[in-house]
Peer 1: 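For reference, the structure I am asking about is given below.
What you see is a predicted model, and the numbers here were worked out from it, not measured in a lab. Within every chain, numbering begins at 1; the chains are lettered A, B, ... in the order of the sequence lines, protein sequences first and strands thereafter.
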Number of protein chains: 2
Amino acid sequence: MHEHNHQICIDQALKRAKQVCLQHGVRLTELREQILRLIWQNHKPLGAYLLMNLLEENSDREHVAPPTVYRTLDFLIEHGLIHKVHSLNAYVGCSSPNQDRCNALFICSVCGETEEIPNNSIQQAINLSASQHKFTVENQMLEIMGKCQPCKQKKASDS
Amino acid sequence: MHEHNHQICIDQALKRAKQVCLQHGVRLTELREQILRLIWQNHKPLGAYLLMNLLEENSDREHVAPPTVYRTLDFLIEHGLIHKVHSLNAYVGCSSPNQDRCNALFICSVCGETEEIPNNSIQQAINLSASQHKFTVENQMLEIMGKCQPCKQKKASDS
DNA sequence: CTAAACTATGTTATATGATAACATAACATC
DNA sequence: GATGTTATGTTATCATATAACATAGTTTAG
Ligand SMILES: [Zn+2]
Ligand SMILES: [Zn+2]
Ligand SMILES: [Zn+2]
Ligand SMILES: [Zn+2]
């Protein structure tokens, strides 16, 4: 994840966003696309107020207020284009929209990179546990904090 | 979960808390015990400011300030006696301290009751996925929102 | 084409959740 | 009982998120 052509990630995300909005019959306005782009600048989750500042810097808007950002985030979440990372109060691009359930989020505590990893066996185990307790799942969040391999290697070479 | 002798839950929680504090060489002060009791009043997660108000009402303190509550919550979390429910910004009693990893939290979207369910197969699936991606897990959170059985039954009998 | 309805954004104020920094009190050890 | 340590009190502030209402843009029907 650390070394890759990230422009491809951004392009794919924008392409998917346009498809999804078309399917759902909603508009990917300039504001929504701008914020989605900002979120996809890298693979780290970004806070709402940081996005607010980034939007002010990277557009010709004078002042951006919180509701502008939060409404847009709500829209993007609603249509599965981003995730809220609850353990960080931050937002990250979704790499696989059009899914029924959220994937596992692996969050590196050193570099902050967050990778969304689909995993059927985790989902199956959750579904089984839920059905055993006669619990009907509506949605779920699995956030895993730890160290990614590049950061472990870097730390090892430091010492 | 809906129908049970909840006093037993409270008594066990307090007993465990005393054991844990003894083991860890820390003190379960009056304040810490009061807040732990308030959290264990039921199986719903409670917010920090609600706990603050409850503490004012249920003790002879005049004013309770946020740091008083947050420091105590931090202590209780650090020693594994409560969990923070990130999706609600609220705190709930831990029913199984002395574990290496967090269990799955099943949160009912109707009644708010939250049940902590240990599940080895979920944990195994997470560990496998992590090792496949060479990711070292430090901690994790799995929060599952949905409907508990009693609430489903109640809804069915309403219609 | 334009009025009406709907959707999106702007604006101001405020609610809610959490922490920093420093002062005081309680407890333990010697 | 002086000293170091842990716990709590106090004030101010930061960080995150939403309510309420105003304006602008877009679509649809007549
Ligand atoms: Zn990338
Ligand atoms: Zn990393
Ligand atoms: Zn109980
Ligand atoms: Zn319920």
Peer 1: Counting only side-chain N and O atoms of B/Lys84, is one of them less than 4.0 Å from OP1 or OP2 of C/dA18?
Peer 2: yes
Peer 1: Could you say whether B/Tyr49 or B/Arg27 is positioned toward the 5' end of DNA chain D, judged by the nucleotide with the nearest heavy atom to each?
Peer 2: B/Arg27
Peer 1: Can you name the residues that form a salt bridge (Lys or Arg N to Asp or Glu O under 4.0 Å) with B/Lys147, not counting sequence neighbours?
Peer 2: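 Result, salt bridge (Lys or Arg N to Asp or Glu O under 4.0 Å) vs B/Lys147: A/Glu138.
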Peer 1: Rounding to an integer number of Å, can you tell me how far B/Leu46 CG sits from C/dT16 C1'?
Peer 2: 16 Å
Peer 1: Rounded to whole angstrom units, what separation is found between the CZ atom of B/Arg71 and the C1' atom of D/dA7?
Peer 2: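 After rounding, the gap between these two atoms is 8 Å.
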Peer 1: Mind calculating the distance between CD (A/Gln34) and C1' (C/dT9) to the nearest angstrom?
Peer 2: 12 Å
Peer 1: What about B/Tyr70: does its side chain form a donor-acceptor pair under 3.5 Å with the base of C/dA20?
Peer 2: no
Peer 1: Kindly point out which of D/dA17, D/dT8, D/dT10 is positioned nearest to the side chain of A/Pro66?
Peer 2: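 It is D/dA17.
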Peer 1: So, OP1 or OP2 of C/dT9: does either fall under 4.0 Å of a side-chain N or O from A/Arg61?
Peer 2: no
Peer 1: Can you check the A/Leu73 CG to D/dA17 C1' distance for me, whole Å?
Peer 2: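 Rounded to whole Å, this separation is 11 Å.
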Peer 1: What verdict does the side chain to side chain contact (heavy atoms under 4.5 Å, CB included) test give for B/Ile10 and B/Arg37, after you've listed the backbone C-alpha separation in whole Å, the side-chain angles of each residue and the deciding distance to 0.1 Å?
Peer 2: CA-CA 7 Å; B/Ile10 298 174; B/Arg37 272 184 193 283; 4.2 Å; yes
Peer 1: Can you tell me if the side-chain N/O atoms of B/Asn89 get under 4.0 Å from OP1 or OP2 in C/dA18?
Peer 2: yes
Peer 1: Write down the distance between CG (B/Leu28) and P (D/dT6), rounded to a whole number of angstrom.
Peer 2: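 In whole Å, D/dT6 P lies 17 Å from B/Leu28 CG.
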Peer 1: Donor-acceptor check, side chain of B/Thr68 to backbone of B/Val64, threshold 3.5 angstrom: yes or no?
Peer 2: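 Here the side-chain-to-backbone pair does not exist.
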Peer 1: How do A/Tyr91 and B/Phe75 order along DNA chain D: which one's closest nucleotide is nearer the 5' end?
Peer 2: B/Phe75
Peer 1: Name the orientation class of the two ring planes belonging to A/Tyr70 and A/Tyr49 (parallel below 30°, tilted from 30 to 60°, perpendicular beyond 60°).
Peer 2: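 Rings of A/Tyr70 and A/Tyr49: perpendicular, over 60°.
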Peer 1: Could you pull out the closest heavy-atom pair between B/Pro118 and B/Asn103, with the gap in Å?
Peer 2: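 Distance-wise, the nearest heavy atoms are CA-OD1, 3.4 Å.
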Peer 1: Please tell me if B/Arg32 has a side-chain N or O lying less than 4.0 Å from either OP1 or OP2 of D/dA7.
Peer 2: yes
Peer 1: By nearest heavy atom, map A/Thr72 and A/Ala65 onto DNA chain C; which one lands nearer the 5' end?
Peer 2: A/Thr72
Peer 1: Using atom CE of A/Met52 as one end and atom C1' of D/dC14 as the other, report the distance to the nearest whole Å.
Peer 2: 13 Å
Peer 1: Counting the atoms with a prime plus P, OP1 and OP2 as sugar-phosphate, which does B/Thr68 contact under 4.0 Å by heavy atoms, base, sugar-phosphate, or nothing?
Peer 2: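 Base, at least one base heavy atom under 4.0 Å.
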Peer 1: May I have the distance from A/His86 (atom NE2) to D/dT16 (atom C1'), rounded to whole angstrom?
Peer 2: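 Interatomic distance, NE2 of A/His86 to C1' of D/dT16: 12 Å.
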Peer 1: Can you check the B/Leu51 CG to C/dT16 C1' distance for me, whole Å?
Peer 2: 14 Å
